[in-house]
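Okay, so here's the structure we're looking at.
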Amino acid sequence: MRHWLFKTEPGEYSIDDLAAAPQGIARWDGIRNYQARNLLRDEVQIGDQILVYHSSCKPAGVAGIAQVVRSGYPDPAQFDLTSAYHDAKADPQSPRWFCVDIRLVEKFPRLITLQTIKKQAVLANMTLLKQGRLSIQPVSAAQWRRIQALSDSASQA
DNA sequence: GCCAACGTTGGC
DNA sequence: GCCAACGTTGGC
C-alpha cells in the first residue's frame, strides 16, 4: 500500500465537494500531465491512501485524506467534446489520459498549511517542495505519518 | 499581478 | 533530436 498527494484547486473541486459526492466517491479526472498520467495509469492502486491538497488558494495545504477505490482507467473526459478536458488527439484505441476513483476518508479539522509543512525537517524532501508543479505525487510512509501527526495535534489544540 | 520553475510545442 | 518560444502552475 502506497501513499500519494493529489492536488486540486478548491475553486474547481474541493474536499467539501468530495464529501458531498454520493458515498464520498468521485472520479479524479482531468489530469493532463504525462508524469502524473503515468502514475495514475501504472502505480496508483486500490487501497492506496491520498493526501488531498488544496493549491492556488489562501492558504494552500493538505485538507484531508482519501483512498483509492478504483485504479487507473481511461479518463472519459478526453473523448467528451463538451468537456474542458477534451483532447482531440486522444484515440479510444489507445487512450492518452487516465483517471482513478477515490473516496473521502477524513477531512482534517484544520488545513495542514504549506507553511507548516515547510517548517518540518522530516518533510523537507517531500515532492511537494521539490517538484511543486506535479499534480500527482508519491508520499513516503514517514511523510504520511508526520502529516497525520500534525493533524492530530491540531485537533487537540 | 508578478514571476520563477518547468512542461510542451514546433521549426529546423 | 535540439532548443527557442511559449504556456501553465502555483506560491507569494
Side-chain angles (χ1 to χ4, degrees), chain A residues 2-21 26-44 48-66 68 71-102 104-140 142-144 146-151 153-154 157:
Chain A
R2 299 179 64 182
H3 304 90
W4 306 95
L5 182 145
F6 285 14
K7 272 191 212 168
T8 183
E9 298 189 20
E12 296 291 321
Y13 195 88
S14 76
I15 198 163
D16 291 324
D17 294 318
L18 182 60
R27 172 184 296 151
W28 205 262
D29 59 2
I31 302 297
R32 296 292 180 268
N33 165 283
Y34 288 105
Q35 201 176 343
R37 186 279 310 270
N38 292 344
L39 294 174
L40 288 178
R41 187 187 59 192
D42 305 330
E43 307 284 343
V44 177
D48 285 0
Q49 292 180 303
I50 300 156
L51 298 173
V52 178
Y53 180 87
H54 283 177
S55 66
S56 293
C57 58
K58 263 177 74 176
V62 179
I65 293 169
V68 179
S71 58
Y73 63 101
D75 181 348
Q78 68 193 306
F79 308 120
D80 180 356
L81 289 169
T82 67
S83 171
Y85 300 118
H86 176 253
D87 184 344
K89 294 178 182 170
D91 174 5
Q93 299 308 313
S94 65
R96 177 181 286 206
W97 306 114
F98 285 73
C99 58
V100 299
D101 291 353
I102 71 171
L104 181 67
V105 173
E106 177 194 0
K107 179 185 175 181
F108 287 159
R110 289 184 201 174
L111 198 76
I112 308 300
T113 65
L114 180 60
Q115 190 185 16
T116 299
I117 290 169
K118 283 180 174 173
K119 288 178 186 164
Q120 303 290 318
V122 181
L123 302 178
N125 57 359
M126 275 187 84
T127 304
L128 182 67
L129 305 180
K130 298 264 175 172
Q131 198 182 348
R133 294 183 55 183
L134 190 58
S135 54
I136 304 286
Q137 312 177 357
V139 171
S140 75
Q143 291 161 357
W144 178 272
R146 177 55 59 102
I147 298 285
Q148 282 220 308
L150 287 169
S151 176
S153 60

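Throughout, a chain's letter reflects where its sequence line sits, starting with A, and its residues are numbered from 1.
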> Would you call the rings of A/Tyr13 and A/Trp28 parallel, tilted or perpendicular, where under 30° means parallel and over 60° means perpendicular?
Replying inline: perpendicular

>> Heavy atoms only, 4.0 Å cut-off, all strands: where does A/Gln35 land among base, sugar-phosphate and nothing?
In response: nothing

>> In whole Å, I'd like the distance from the CZ atom of A/Arg133 to the P atom of C/dT8.
In response: 10 Å

> For A/Lys107 and A/Asp16, what are the C-alpha separation, side-chain angles and deciding distance, and is it a side chain to side chain contact (heavy atoms under 4.5 Å, CB included)?
Replying inline: CA-CA 8 Å; A/Lys107 179 185 175 181; A/Asp16 291 324; 2.9 Å; yes

> Between atom OH in A/Tyr34 and atom C1' in C/dT8, what is the gap in whole Å?
Replying inline: 15 Å

>> Using the rule given for salt bridge (charged side-chain N to carboxylate O under 4.0 Å, His left out), can you reason through A/Arg96 versus A/Asp87, listing the C-alpha separation, both sets of side-chain angles and the distance that settles it, and then say yes or no?
In response: CA-CA 9 Å; A/Arg96 177 181 286 206; A/Asp87 184 344; 3.4 Å; yes

> Taking CG from A/Leu134 and C1' from B/dA5, how many angstroms apart are they, rounded to a whole number?
Replying inline: 13 Å

> What is the distance from CG of A/Asn33 to C1' of B/dT9, rounded to the nearest Å?
Replying inline: 15 Å

> Whole Å only: how far is the CG atom of A/Leu129 from the C1' atom of C/dG11?
Replying inline: 12 Å

>> Whether A/Lys130 contacts B/dC6 is assessed here as follows: a side-chain N or O lying under 4.0 Å from the phosphate OP1 or OP2. Is that the case?
In response: no

> Does a side-chain N or O from A/Gln131 land closer than 4.0 Å to OP1 or OP2 of B/dG7, or not?
Replying inline: yes

> In whole Å, what is the span from the NZ atom of A/Lys58 to the P atom of B/dG1?
Replying inline: 14 Å

> In whole angstrom, what separates A/Lys89's NZ from B/dG10's C1'?
Replying inline: 10 Å

> Below 6.0 angstrom between ring centroids: does that apply to A/Tyr34 and A/Trp97?
Replying inline: yes

> What is the distance, rounded to the nearest whole Å, between atom CG of A/Leu39 and atom P of B/dG7?
Replying inline: 13 Å

